[in-house]
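A note on names: the letters A, B, ... follow the listed sequences, proteins ahead of strands, and every chain is numbered from 1.
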Amino acid sequence: MDPMKFSQRVLDWFDAHGRKQLPWKENPTPYRVWVSEIMLQQTQVATVIPYYERFMVRFPDIRALADAEQDEVLRLWAGLGYYARARYLHQAAQILHERYDSQMPLDIAALQELPGIGRSTAGAILALAAGQRQPILDGNVKRLLARFKAVDGWPGQSRVQAALWELAEHFMPVQRIADYTQAVMDLGAIVCIPHQPHCEICPLVEDCVAFAQKRQADFPAPKPRRELPVRAIQMLLVRTDNNEVLLERRPPAGIWGGLWSFPECPIGVDVADWCRERLGLTVTVEPPWGVMRHGFSHFHLDITPVPVMVAEPSSIVMEEEGFVWYNEGYSASRGMAAPVRRLLAVLVNKIV
DNA sequence: AAAACGGGGGG
DNA sequence: CCCCCAGTTTT
């Protein structure tokens, strides 16, 4: 299909049916587009909007984000998941502040140097905020192109990915690149959806190879799956008779990096001994709660919550950095992963 | 309860 | 290149 015809159909559809009321589309500066693209990598539009608006009120520009404490950035991100992305965003803002006078360089190579920005995100920023002719290849576009040209194979394979980039470049128009970029993403998100796509209203249906072969469901090929291993840990719900609960900040990288969580003790280790040695606390160990299974992309985590009561009067002060005695009212002030927040909510309910 | 989903960093 | 990274939404 002629690229001009392809983009014209996509743009005509967009003019009639595209989403135009999104917060990041009003005043689409490079910074605002960047933040929206990072949030949208992991979460659907409807969920992102309130997070995006809160984030923009608190961090209206790169300077504000660069000056913030990581803790506060993570707090506003908490619940969105993929916390490494929030850390990269924050790091990148600091780099921009130091090296680029708090401006985003409107250059594809310079953008890709920044942590958390790859080819597709860099392309989206430049196309949407600067009108540069750059291709994008997010999940929506991958699916649309894979179907349109019946591209076989899982897009995680570099050969397949390269073929899709080739197509993305091929179909890019010369005019209205910002609208086109938004349009292909919207078309993938609204019409060419993962299951039971709405081919009957698709502007590209006449020339879609997958549709012609009635093989829409075959593209893109799914990621080959593997059995997920299971890890198990104990989370210690350490509380005092003042109803304070001990939280520990997790190491800066890795799972839930930089977020607040309960102290973790390996399965099989004696909890009272562990508390004495690692926390300097004498505790009374109570019966464990039922196991909570938490799914990650590479393993399952079986969490055994073990409530323990600090045996001594609660005058204990942890001087060590990275610990905090939580009490009610702190809830909004710490970034916590979802299962930790759920556990804490249950615990607070019990002790109130 | 299980499966689907996405883009980028790092080895 | 392939593997690692998380949590919400959908089935």
Side-chain angles (χ1 to χ4, degrees), chain A residues 33-51 74 77-92 95 108-109 111-125 135-146 153-165 168 184-185 188-189 192-197 217-231 233 250-259 261 290-303 335-343:
Chain A
V33 169
W34 173 33
V35 173
S36 76
E37 285 300 316
I38 301 297
M39 288 186 174
L40 290 165
Q41 282 174 11
Q42 63 206 24
T43 312
Q44 296 194 337
V45 167
T47 311
V48 161
I49 288 173
Y51 281 90
L74 288 173
W77 206 269
L80 273 178
Y82 293 97
Y83 302 99
R85 292 174 187 178
R87 297 196 304 269
Y88 288 143
L89 191 68
H90 186 219
Q91 271 179 42
I95 293 169
I108 190 85
L111 284 180
Q112 285 184 83
E113 296 282 307
L114 296 168
I117 300 184
R119 184 177 175 189
S120 187
T121 303
I125 293 167
I136 60 154
L137 192 62
D138 76 345
N140 294 315
V141 178
K142 276 181 199 168
R143 186 171 56 250
L144 187 150
L145 293 174
W154 173 53
Q157 290 174 291
S158 47
R159 248 199 35 257
V160 179
Q161 174 134 334
L164 292 171
W165 272 115
V184 276
M185 291 193 289
C192 198
I193 54 180
H195 298 287
Q196 298 172 10
D218 293 349
F219 308 99
K223 176 180 183 154
R225 317 214 141 258
R226 219 174 317 165
E227 189 90 348
L228 297 182
V230 176
R231 292 185 206 165
I233 50 121
R250 299 185 56 89
I255 295 167
W256 301 332
L259 274 74
S261 184
V291 173
M292 293 172 54
R293 171 159 291 192
H294 185 72
F296 287 85
S297 45
H298 296 85
F299 60 95
H300 293 293
L301 185 65
D302 281 350
I303 300 167
M336 282 178 266
V340 175
R341 275 193 302 182
R342 276 199 295 273
L343 262 182

Which comes earlier along DNA chain B counting from the 5' end, the contact point of Gln41(A) or that of Gly116(A), where each point is its nearest nucleotide? Gln41(A)

dG7(B), dC1(C), dG9(B): which one has an atom nearest the side-chain heavy atoms of Asp138(A)? dG7(B)

Counting Watson-Crick and G-U wobble pairs whose two distances are both under 3.5 Å, find the runs of 3 or more in a row that involve DNA chain B. B:1-5 with C:7-11, B:7-11 with C:1-5

With a 4.0 Å cut-off on heavy atoms, is Arg85(A) in touch with a base, just the backbone sugar-phosphate, or nothing at all? base

Would you measure the distance from the P atom in dG11(B) across to the matching atom in dA6(C) and give it in whole Å? 16 Å

Taken to the nearest whole Å, CZ/Arg293(A) to P/dA3(B) is 12 Å

Assign Pro194(A) to base, sugar-phosphate, or nothing according to its heavy-atom contacts below 4.0 angstrom with the strands shown. sugar-phosphate

Among dA6(C), dG8(B), dC1(C), the one nearest any side-chain atom of Ser158(A) is dC1(C)

With distance as the sole criterion, do the side chain of Tyr82(A) and the base of dG6(B) form a donor-acceptor contact below 3.5 Å? yes

Which residues share a side-chain hydrogen bond (donor to acceptor under 3.5 Å, both in side chains) with Arg143(A), sequence neighbours left out: Asn140(A)

At under 4.0 Å between heavy atoms, what does Ile136(A) touch on the DNA or RNA strands: base, sugar-phosphate, or nothing? nothing

Shortest non-hydrogen contact from Leu259(A) to Ala337(A)? CD2-N, 3.4 Å

What are the two closest heavy atoms between Tyr51(A) and Trp77(A), and how far apart are they? CE2-O, 4.1 Å

Separation of dG9(B) atom C1' from Gln161(A) atom CD, nearest Å, is 14 Å

Flag the pair Arg342(A) / Met336(A) as yes when at least one side-chain heavy-atom distance between them is below 4.5 Å, and no otherwise. no

Starting at the 5' end of DNA chain B and moving along, which residue's nearest nucleotide shows up first, Ile117(A) or Leu40(A)? Leu40(A)

Is Ile38(A) touching bases, backbone alone, or none of the nucleic acid, heavy atoms closer than 4.0 Å? nothing

With a 4.5 Å heavy-atom cut-off, do Val141(A) and Asp138(A) have their side chains touching? yes

Assess the residue pair Met39(A) and Arg85(A) against the criterion (side chain to side chain contact (heavy atoms under 4.5 Å, CB included)); give the C-alpha distance rounded to whole Å, side-chain angles, the decisive distance to 0.1 Å, and a yes or no. CA-CA 8 Å; Met39(A) 288 186 174; Arg85(A) 292 174 187 178; over 6 Å; no

Find the distance Ile303(A):CD1 to dA6(C):P and express it as a whole number of Å. 13 Å

Starting at NE2 of His294(A), measure out to CG of Asp302(A) and round the result to the nearest 0.5 Å. 11.5 Å

Whole angstrom value for the distance that separates P of dG9(B) from CZ of Arg119(A): 14 Å

Rounding to a whole Å, what distance do you find between Lys223(A):NZ and dC5(C):P? 11 Å

Could you tell me whether the side chain of Trp154(A) reaches within less than 4.5 Å of the side chain of Pro222(A), counting heavy atoms only? no

Just checking Ala84(A): base, sugar-phosphate only, or nothing, at a heavy-atom cut-off of under 4.0 Å? nothing

Separation of Arg250(A) CZ from Ile255(A) CD1 (nearest 0.5 Å): 6.5 Å

Measuring from Leu80(A):CG to Ile38(A):CD1, what's the distance to the nearest 0.5 Å? 12.0 Å

Whole Å only: how far is the CD1 atom of Ile125(A) from the C1' atom of dG7(B)? 13 Å

What closest approach, in Å, do Trp34(A) and Ala92(A) show between heavy atoms, and which atom pair accounts for it? CZ2-CB, 3.6 Å

Touch class at under 4.0 angstrom, heavy-atom based, for Pro115(A) against every strand present: sugar-phosphate

With nearest nucleotide decided by heavy atoms, which residue, Pro339(A) or Gln157(A), maps closer to the 5′ end of DNA chain C? Gln157(A)

Just how far, in rounded Å, is P of dC4(C) from CZ of Arg87(A)? 17 Å

Below 3.5 Å between N/O atoms, which protein atoms pair up with nucleotides 9-11 of chain C? Just atom names and distances, please.
from   : atom 1 : to       : atom 2 : distance (Å)
dT9(C) : OP1    : Thr47(A) : OG1    : 3.3

What is the separation between atom CD on Gln112(A) and atom P on dG10(B), rounded to the nearest whole Å? 14 Å

Side chain of Arg342(A) only, heavy atoms from C-beta on: which candidate in dA6(C), dT8(C), dC5(B) is closest? dT8(C)

Considering just the side-chain nitrogens and oxygens of Lys142(A), establish if one lies under 4.0 Å of OP1 or OP2 belonging to dC5(B). no

Which comes earlier along DNA chain C counting from the 5' end, the contact point of Trp154(A) or that of Leu80(A), where each point is its nearest nucleotide? Trp154(A)

